[in-house]
Every structure is written in C-alpha cells, then in structure tokens.
Amino acid sequence: MLDINFEFIKGILFVRLDGKINFSNSDNIEKNITSIVSNGGIKYLVLNVNNLVIEERVSLFDNCYECIKENKGKMFICGLKSNLDKVISQDYKYCDKINSELLALKVLNLC
C-alpha cells in the first residue's frame, strides 16, 4: 500500500510518498505525477521519500526527472534514510538530494 500526498507551494510540486513502492504499484503513481508535471508545466518537483520503502528498482524517479527536464526545471529528493540513500545516491545523480522540503524553497530562493 502506498499513499501519495500532493501539495503545490510557490511554484513547487511537493509529492510525499508513504508506504511501499515496487514495480507493480509504481506505474500508476508515475503516470499520475508525470501527468500533473507535464499538463501543469511544473518546473520544480520535490519527492519526499521519508516514509518510503523501495522494494525493487522502479522507473518512477527517472521518468519524473525526464518530465521536469522537458520543462527546463529541477528535481529534488528529500527525506533520505540510510537504506534509501544507498539506492538513490548511486542511481539518481541527476537530482539534488536535500534534507527537508523547506530547503528546496531556500535553494530556489522562494522564501
């Protein structure tokens, strides 16, 4: 089971993922996020993985990044725990890893 919470603040889409993600449930989540990013022309995306368990490699992060790149934007991942950091740091060098959502606002000079 995976819960998703969306929040749009100051031009940034915050997506909070809570639960377990695997190959079978990631496709639907990916489609929802990329649809919102593409249709809304969103340039900045923060994926909060603080409460996420990754059961296997999924394309969610790659495809979200491709959507953001098409919009000439920037993607952040926050809330990394040590077990996720090993997976994400090795595979997702293209996005910034930050400690909190608030830091994204500071990095983008929006607060």
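Every value quoted in this text rests on a predicted model; they were computed, and no experiment measured them. What you see below is based on every heavy atom in this structure, not just the backbone, and it leaves out hydrogens, waters and symmetry mates.
The shortest distance between side-chain heavy atoms of C78 and L103 does not fall below 4.5 Å. Between I21 and L60 the shortest side-chain heavy-atom distance falls below 4.5 Å. Residues L13 and Y44 form no side-chain contact, since every pair of their non-hydrogen atoms from C-beta on lies 4.5 Å or further apart.
Among L45, I98, I12, the single residue meeting the side-chain contact (heavy atoms from CB on, under 4.5 Å) criterion with F76 is I98. With K31 as the fixed residue, the side-chain hydrogen bond (donor to acceptor under 3.5 Å, both in side chains) test singles out one of T34, D27, N28: D27. For the pairing with L17, the side-chain contact (heavy atoms from CB on, under 4.5 Å) check across I29, V53, I54 returns one residue only, I29.
With a 6.0 Å radius and a threshold of 12 heavy atoms from other residues, nucleotides or ligands, F8 has its CZ atom above the threshold. The number of heavy atoms from other shown groups lying within 6.0 Å of CG (N99) does not exceed 12.
Here K74 contributes atom NZ and K43 contributes atom NZ; the two are 11.5 Å apart, rounded to the nearest 0.5 Å. The distance from the CG atom of D96 to the CD1 atom of I77 is 10.0 Å, given to the nearest 0.5 Å. Rounding to the nearest 0.5 Å places CG of N51 at 4.5 Å from CG of D18. E66 CD to M75 CE: the interatomic distance, rounded to the nearest 0.5 Å, is 10.0 Å.
In this model, no donor atom of one side chain and acceptor atom of the other lie less than 3.5 Å apart for R16 and N48. Counted by atom type alone, E30 and S59 present one or more donor-acceptor pairs between their side chains at under 3.5 Å.
Although no hydrogens or angles enter the test, the distance criterion places a donor-acceptor pair under 3.5 Å between the side chain of N25 and the main chain of N22. Here the side chain of D62 pairs no donor or acceptor atom with the backbone of Y65 at under 3.5 angstrom.
Heavy atoms only, all atoms of each residue included: F14 and E101 are closest at CE2-CB, 3.6 Å. Contact record, I42 with I68: O-CD1, 3.7 Å, taken as the closest heavy-atom pair. Of all non-hydrogen atoms in S38 and C67, the two that sit nearest each other are OG-SG, 3.2 Å.
One hydrophobic cluster holds both L2 and F6 under the rule that ILVMFWY side chains link at heavy-atom gaps under 4.5 Å.
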